[in-house]
Amino acid sequence: MTKPTFYITTPIYYPSGKFHIGTAYTTVASDAMARYKRARGFDVRFLTGMDEHGQKIQEKAQEAGKDPQAYVDEIADAAKKLWAMMDITNDDFIRTTEKRHEEMVEKIFAKFMENGDIYKGHYEGLYCTPCESYYTETQLVDGKCPDCGRDVKVVKEESYFFNMKKYADRLMEYYNANPEFILPESRKNEMVNNFIKPGLEDLSVSRTTFDWGVKVPGDPKHVIYVWVDALSNYITSLGYGSDNEELFNKYWPADVHVVGKDIVRFHTIYWPIFLMALDLPLPKKIFAHGFIMMKDGKMSKSKGNVVYPEMLIERYGLDAVRYFLLRELPFGQDGVFSPESFVERVNFDLANDLGNLLNRTVSMINKYFGGVIPAYAGQVTEFDQTLEDFIKMTVEKVEKNFEEMQFSIVLSDIWALVARTNKYIDETAPWVLAKDEANKDQLASVMNHLAESLRQIAIMIEPFMPRTTPQIFAQLGIENEASKVWDSLTKFDTLAEKTKVVEKGTPIFPRLEVEVEVEYIKDQMSQSVKPTTEEPKKEEKIEEVETTPLIGIDDFMKVEIKVGQIKECKQHPKADRLLVSQIDLGSEVRQIVSGIAEHYQPEQLVGRKVLVVTNLKPVKLRGELSEGMVLAASNDGVLTLPTIIDELPNGSKVK
């Protein structure tokens with residue numbers, strides 16, 4: 001039987017320096033998706049690589065006193081080592097300086113010319129060298145590049161132009177016919193309103209001011225525009241236009257291009273139009289994620305706030321880093337990294353919740369059953385069916401959210417199961433059952449259900465934490481391959497007879513000393529500061545201590561908080577930052593307006609349980625009635641909704 005294919009790509013990264021966790025974030029997210037699809041039986045093709053041409057690279061190499069090829073070779077080697085360290089399972093690493101790529105780019109450009117899509121002229125415009133892009137006056141922000149915020153310069157040169165106007169209507173038709181082509185939807189709105197509706201300008205697709213790049217066929221004083229060169233990697237890596245197009249015919253069109261929000265325009269306007277000109281199918285989806293921000297803004301060497309993945313991996317292990325990146329940061333939105341939040345995630349989620357669950361389970365199986373996991377005997381205790389139902393529900397939610405690339409929600413779903421399994425221990429109280437031989441069957445069922453729940457958790461976390469899953473299997477003594485595959489989820493009788501756990505479990509995530517580790521991370525970050533010749537300014541600083549007004553218990557008791565479930569959610573018709581939700585509170589459904597649109601898409605929230613302040617006076621917010629308030633935690637401007645266990649009934653009071 002032929003497997004369905006799945007082709008996923010990262011952007012090919014610009015080798016302007018050492019890769020930080022922002023680059024790692026994109027790659028780990030793509031890797032998690034690739035691993036998930038393989039687990040579901042897909043024939044996956046996963047591509048990453050480097051974009052090595054252009055004026056910026058030539059200038060960087062000159063600054064370093066190196067030949068451009070030698071300069072990019074060093075960074076490519078470092079990138080490959082980093083991806084190996086991070087267990088990235090890419091099938092190919094494309095470099096735009098490779099012969100297989102350059103030859104095909106020349107053919108693609110020649111085909112554009114043959115089709116009449118390219119003409120020669122002169123260009124004068126505002127050019128950003130780091131972004132390799134021209135802008136109009138109206139597109140600038142405070143006179144600077146709208147993408148990177150740097151200065152632009154006026155450039156005038158002979159150039160070849162691509163007739164973008166020819167394809168503008170066809171591109172809009174494609175957007176309308178394929179509403180999930182660009183995700184999140186806010187990115188599509190930005191492209192339409194900022195670039196397409198004002199009218200697409202023809203694109204300058206060659207340069208004469210430098211020579212580090214692929215030459216225009218028949219006119220070698222011109223270098224092909226770096227984005228024509230770079231975007232073509234997605235098909236040249238598959239052998240498009242070569243003597244062997246087997247991979248291209250098998251995997252194209254791509255199922256998803258994963259990109260950062262700063263390069264959405266190139267992937268959702270230029271790339272589709274280039275493909276239309278080549279008469280090729282368009283990719284099925286472009287998913288543009290947000291940035292990893294720091295408390296003081298973007299990562300910058302001059303600020304001393306750059307985080308490199310190696311420094312975290314070497315001290316805390318790979319899976320802690322992979323977990324944090326995809327759990328803490330909602331995919332598609334900006335998120336904030338802080339040393340404190342990293343250490344808290346490791347301690348609470350990994351050491352306390354998952355690690356402690358595994359340790360308790362192994363210890364009890366050794367204590368009560370000589371280390372042998374009892375066989376499955378159905379639903380013996382009054383809590384067994386509830387746990388099994390929760391596992392089945394979790395698998396359904398995980399699969400749904402994985403398909404939508406909502407990685408943080410997937411991990412939230414899995415950790416809700418971790419919490420539910422820990423609660424199962426408290427409900428069944430094995431230490432009490434063990435006191436009476438008459439309870440032997442119940443105790444055996446509890447041990448089996450704990451082992452099975454951990455087995456299924458291990459399978460679901462593997463795309464995120466590939467080194468933790470085998471450790472869980474090893475401590476549980478699970479060797480049967482049929483018990484380790486995705487298709488075995490929701491089955492409770494897969495363990496081989498007399499499966500024996502290890503004699504003494506070891507913590508898979510040791511608990512961290514918070515103050516020590518926070519200080520360590522900050523110290524590592526400070527080492528990224530660029531040296532400066534300027535004398536530091538001496539200023540007297542007056543420390544201000546923020547205080548929170550204290551209230552009495554009587555005031556607190558006036559606040560009524562209930563568990564609610566979002567049944568419907570939509571964007572506020574008059575306010576971009578507001579969402580309008582219909583929330584089931586058990587005895588009633590209320591409409592509540594929340595200022596969380598910058599942090600959550602409406603479709604992410606439907607079905608989610610939330611905490612609601614229910615005794616606020618109703619108000620109208622921009623014309624929409626709001627009958628309460630949804631509670632969210634704020635960390636440096638990023639809002640996160642608390643995780644609520646699904647089994648809590650709607651309307652439950654928080655006390």
Side-chain angles (χ1 to χ4, degrees), residues 32 312 316-330 338 340-365 383 386-388 390-391 393-395 397-398 401 407-431 446-447 449-476 489 501-502 505-514 517-518 608-609 611 633 635 640-648:
L312 296 176
Y316 307 108
L318 172 62
D319 282 6
V321 178
R322 287 178 61 117
Y323 174 80
F324 175 84
L325 290 175
L326 297 181
R327 176 67 179 90
E328 183 78 7
L329 311 170
S338 72
E340 294 84 357
S341 59
F342 178 83
V343 174
E344 284 176 3
R345 281 289 180 196
V346 173
N347 276 349
F348 292 113
D349 294 12
L350 302 182
N352 285 7
D353 295 344
L354 179 60
N356 194 38
L357 174 61
L358 178 62
N359 291 342
R360 294 172 78 187
T361 299
V362 169
S363 176
M364 288 189 291
I365 291 172
F383 304 104
T386 304
L387 180 62
E388 290 184 19
F390 196 95
I391 291 172
M393 178 188 68
T394 299
V395 173
K397 292 166 70 174
V398 163
N401 289 318
F407 304 117
S408 64
I409 298 177
V410 171
L411 285 168
S412 177
D413 293 336
I414 297 171
W415 253 255
L417 173 57
V418 173
R420 183 64 189 82
T421 308
N422 274 311
K423 182 180 179 182
Y424 173 79
I425 296 176
D426 297 333
E427 291 171 332
T428 54
W431 49 90
V446 171
M447 295 302 107
H449 277 80
L450 289 175
E452 278 288 0
S453 185
L454 275 163
R455 177 187 71 82
Q456 298 184 63
I457 288 166
I459 293 170
M460 286 187 282
I461 65 172
E462 191 279 336
F464 307 99
M465 306 167 70
R467 296 183 183 177
T468 300
T469 295
Q471 290 182 56
I472 294 174
F473 287 150
Q475 292 207 27
L476 293 175
L489 291 175
V501 303
V502 295
T506 55
I508 52 177
F509 292 101
R511 187 170 176 80
L512 304 177
E513 291 290 337
V514 176
E517 300 309 326
V518 167
R608 183 159 182 161
K609 297 228 174 181
L611 295 178
N635 183 10
T640 302
L641 297 174
T643 299
I644 311 299
I645 295 177
D646 281 346
E647 67 175 5
L648 281 175

Fill in: Worked check of side-chain contact (heavy atoms from CB on, under 4.5 Å) between Ser408 and Glu328
CA-CA 7 Å; Ser408 64; Glu328 183 78 7; over 6 Å; no
Worksheet entry | Audit row: Asn401, Asp413, side-chain hydrogen bond (donor to acceptor under 3.5 Å, both in side chains) steps and yes/no | CA-CA 9 Å; Asn401 289 318; Asp413 293 336; 2.9 Å; yes
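- Between Leu411 atom CG and Met465 atom CE the span is 8.0 Å, to the nearest 0.5 Å.
- A donor-acceptor pair under 3.5 Å is formed between the side chain of Lys609 and the backbone N or O of Leu648.
- Separation of atoms CD1 (Ile457) and CZ (Arg420) is listed at 12.0 Å; rounding is to 0.5 Å.
- Considering every non-hydrogen atom in both Arg322 and Pro466, the closest pair reads NE-CD, 3.6 Å.
- Looking at every heavy atom in both residues, Val362 comes nearest to Gly505 through CG1-N, 3.9 Å.
- Ring to ring, Trp415 and Phe348 are not that close: their centroids are 6.0 angstrom or more apart.
- Classification of Glu517 and Arg511 as a salt-bridged pair fails, no side-chain N sitting under 4.0 Å from a carboxylate O.
- Closest approach of Ala474 to Val502, counting heavy atoms only: O-CG1, 3.5 Å.
- Less than 6.0 angstrom separates the ring centroid of Tyr316 from the ring centroid of Phe342.
- By the 4.5 Å heavy-atom criterion applied to side chains, Met460 and Leu489 are counted as neighbours.
- Taking CD of Glu427 as the start and CG of Asn422 as the end, the distance is 11.0 Å to the nearest 0.5 Å.
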Discussion item. Assess the residue pair Ile459 and Phe473 against the criterion (side-chain contact (heavy atoms from CB on, under 4.5 Å)); give the C-alpha distance rounded to whole Å, side-chain angles, the decisive distance to 0.1 Å, and a yes or no.
Written reply: CA-CA 9 Å; Ile459 293 170; Phe473 287 150; 3.9 Å; yes
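- Side-chain contact between Asn352 and Phe509: absent, with no pair of heavy atoms (C-beta onward) separated by less than 4.5 Å.
- With rounding to the nearest 0.5 Å, the separation of CG in Leu326 from CD1 in Ile461 is 12.5 Å.
- Of all heavy-atom pairs between Thr428 and Phe383, the closest is CG2-CD1, 3.7 Å.
- Judged by distance alone, with hydrogens and angles left aside, the side-chain atoms of Gln471 form a donor-acceptor pair with the main-chain N or O of Arg467 at under 3.5 Å.
- Checking side-chain atoms of Gln475 against main-chain N and O of Leu358 turns up no donor-acceptor pair under 3.5 Å.
- Atom CG of Leu512 is separated from atom CG of Asn347 by 4.5 Å, given to the nearest 0.5 angstrom.
- Here the CD1 atom belonging to Ile425 is positioned 5.0 Å from the CG atom belonging to Leu450, to the nearest 0.5 angstrom.
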Worksheet entry | side-chain contact (heavy atoms from CB on, under 4.5 Å) assessment of Glu388 paired with His449 | CA-CA 8 Å; Glu388 290 184 19; His449 277 80; 2.8 Å; yes
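- Heavy-atom minimum distance, Asn359 versus Thr506: OD1-O, 3.8 Å.
- Here the closest non-hydrogen pair linking Ala458 and Thr469 is O-OG1, 2.7 Å.
- Screening Thr361, Thr421, Thr394 against Ser453 for a side chain to side chain donor-acceptor pair (under 3.5 Å) leaves a single residue, Thr421.
- Note: Phe464 and Phe407 have perpendicular aromatic rings, judged against thresholds of 30 and 60 degrees for the angle between ring planes.
- Under a 3.5 Å cut-off, the side chain of Asp349 and the backbone N or O of Leu354 do not form any donor-acceptor pair.
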